[in-house]
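All values reported here derive from a predicted model rather than from experimental measurement. In the text below, chain A, chain B and the rest are named by the order of the sequence lines, each starting its count at 1.
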There are 2 protein chains.
Amino acid sequence: MTTRLIHPAKLDEAVKIAKLLGNKTRIQILYLLEQQQFNVTELQEILHVEQSSLSHQLKELRDYQLISQQRVGKSVYYQLTDPHILATMDAILAHTDHVLQGRAHDGQPVDVDQEI
Amino acid sequence: MTTRLIHPAKLDEAVKIAKLLGNKTRIQILYLLEQQQFNVTELQEILHVEQSSLSHQLKELRDYQLISQQRVGKSVYYQLTDPHILATMDAILAHTDHVLQGRAHDGQPVDVDQEI
DNA sequence: AATTCATATGATTTCTTTTTCATATTACCA
DNA sequence: TGGTAATATGAAAAAGAAATCATATGAATT
């Protein structure tokens with residue numbers, strides 16, 4: 001019987017993506033930018049993350065080319081570069097639903113999104 | 001315009017899953033167990049990971065109920081508990097392909113899997 | 001041109017994850 | 001029953017990621 005492993009280069013890449021998504025702030029940023037573009041101040045207010053910290057996170061997403069910047073006067077707007085990542089995020093969120101459903105023993109439906 | 005955020009509980013869960021997949025050994029374990037069950041020694045040999053280290057990784061996957069154990073004599077066999085995770089993994093691997101294709105400038109097709 | 005607002009960056013500190021080491025547990029075998 | 005093979009576990013060490021702090025940059029405003 002022949003056993004397959006994930007090819008090393010592919011594996012590295014997969015781990016990188018998963019790590020990027022393995023952070024609250026970064027997931028929320030992607031989730032927000034899916035809806036529209038935001039500048040850094042707006043993201044800061046929505047996410048309650050400190051300026052520098054947010055900036056560092058944005059850099060990670062930029063470095064991986066998931067988002068891109070565009071300067072408008074004093075502010076910098078961010079948008080999704082690679083909508084393909086949304087499919088991956090959706091898969092994770094779908095799994096999340098699956099898990100939350102499965103573990104919700106009180107029969108209450110799980111509230112999925114939150115308006116702000 | 002109304003902006004949506006991911007609900008906190010869901011977000012936490014999503015981050016957990018993503019983190020679990022954000023590790024070479026753990027992804028490979030899931031990829032292997034998708035194919036068949038393996039005991040710890042077999043996994044060790046295939047993955048070249050030290051016994052204790054592997055055992056700790058298996059525990060994480062167990063704790064999150066992605067895999068389960070079954071003792072057979074002296075050895076312990078592991079299997080996937082929640083095949084739903086495979087959809088998530090596939091999405092990540094698909095994104096990986098997308099990225100590797102995009103960055104492959106030499107026109108060479110990217111070798112995806114590896115037999116062992 | 002000096003000041004202020006928005007954002008970025010590098011270095012340091014703090015927190016988290018992973019590995020390693022030593023030891024425990026459980027089953028099999030002589 | 002004592003020994004050994006397979007796996008698990010807790011604690012400590014090492015490696016990695018995130019937050020914080022101080023400062024830099026770049027555009028607007030006075």
Student: Given atom CD of B/Gln70 and atom P of D/dA6, what is their separation to the nearest angstrom?
Tutor: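 About 18 Å, once rounded to whole Å.
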Student: Is a side-chain N or O of A/Ser68 found less than 3.5 angstrom from the main chain of A/Thr81, in a donor-acceptor match?
Tutor: no
Student: For B/Leu93 and A/Ala14, which heavy atoms make the closest approach, and how far apart are they?
Tutor: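 Shortest heavy-atom separation between B/Leu93 and A/Ala14 comes out as CD2-CB, 3.9 Å.
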Student: Could you tell me whether a side-chain N or O of B/Thr96 sits under 3.5 Å from a main-chain N or O of B/Ile92, the two making a donor and an acceptor?
Tutor: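 The answer is yes, because a donor-acceptor pair under 3.5 Å joins these two groups.
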Student: For B/Leu21 and C/dT17, give me the distance from atom CG to atom P, rounded to whole Å.
Tutor: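 In whole Å, C/dT17 P lies 15 Å from B/Leu21 CG.
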Student: Counting only side-chain N and O atoms of A/Gln57, is one of them less than 4.0 Å from OP1 or OP2 of D/dA17?
Tutor: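 No, no such contact exists.
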Student: Treating B/Gln35 as the side-chain partner and B/Tyr31 as the backbone partner, does any N or O pair qualify as donor plus acceptor under 3.5 Å?
Tutor: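 Yes; at least one donor-acceptor contact below 3.5 Å.
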Student: Would you kindly give the NZ-to-P distance between A/Lys19 and C/dT16, to the nearest whole Å?
Tutor: 16 Å
Student: Separation of A/Leu54 atom CG from C/dA6 atom P, in whole Å?
Tutor: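 Roughly 14 Å, once rounded to whole Å.
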Student: For the pair made of CG in A/Asp63 and C1' in D/dA17, what is the distance, rounded to whole Å?
Tutor: 14 Å
Student: OP1 or OP2 of D/dA17 sitting under 4.0 Å from any side-chain N/O of A/Asn23?
Tutor: no
Student: With a 3.5 Å distance limit and no angle check, can you tell me whether B/Gln28 reaches the backbone of A/Leu5 through a side-chain donor-acceptor pair?
Tutor: no
Student: For the pair B/Lys16 and B/Asp12, find out whether any cationic side-chain nitrogen is under 4.0 Å from an anionic carboxylate oxygen.
Tutor: no
Student: Does B/Tyr77 share a hydrophobic cluster with B/Leu30, counting links as ILVMFWY side-chain heavy atoms below 4.5 Å and allowing steps through other members?
Tutor: no
Student: Over how many whole Å does the gap from A/Glu50 atom CD to C/dA8 atom P extend?
Tutor: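 Roughly 13 Å, once rounded to whole Å.
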Student: Could you state the atom-to-atom distance from CZ of A/Arg26 to P of D/dA19 in whole Å?
Tutor: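 Taking atom P of D/dA19 as the reference, CZ of A/Arg26 is at 9 Å.
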Student: Dot-bracket for DNA chain D: what is it, with Watson-Crick or G-U pairs under 3.5 Å, [ ] where a pair crosses earlier ones, and | for a pair to another strand?
Tutor: ||||||||||||||||||||||||||||||
Student: List every contact pair, protein side and nucleotides 7-11 of chain D side both N or O, where the distance is under 3.5 Å.
Tutor:
from   : atom 1 : to      : atom 2 : distance (Å)
D/dT7  : OP1    : B/Val40 : N      : 3.2
D/dT7  : OP1    : B/Val76 : N      : 3.2
D/dT7  : OP2    : B/Thr41 : N      : 2.8
D/dT7  : OP2    : B/Thr41 : OG1    : 2.0
D/dA8  : OP1    : B/Gln69 : NE2    : 2.6
D/dA8  : OP1    : B/Tyr78 : OH     : 2.6
D/dA8  : OP2    : B/Ser55 : OG     : 3.1
D/dA8  : N7     : B/Gln51 : NE2    : 2.8
D/dA8  : N6     : B/Gln51 : OE1    : 3.2
D/dT9  : O4     : B/Ser52 : OG     : 2.9
D/dG10 : O6     : B/His56 : NE2    : 2.7

Student: Let me know the distance between CG of A/Leu47 and C1' of D/dA19, rounded to the nearest Å.
Tutor: 15 Å
Student: Relative to the ring of B/His98, is the ring of A/His84 parallel (under 30°), tilted (30 to 60°) or perpendicular (over 60°)?
Tutor: parallel
Student: For a quick check under 3.5 Å, do B/Tyr64 and B/Glu13 share a side-chain donor-acceptor pair by atom type?
Tutor: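 Side-chain D/A pair, B/Tyr64 to B/Glu13: present.
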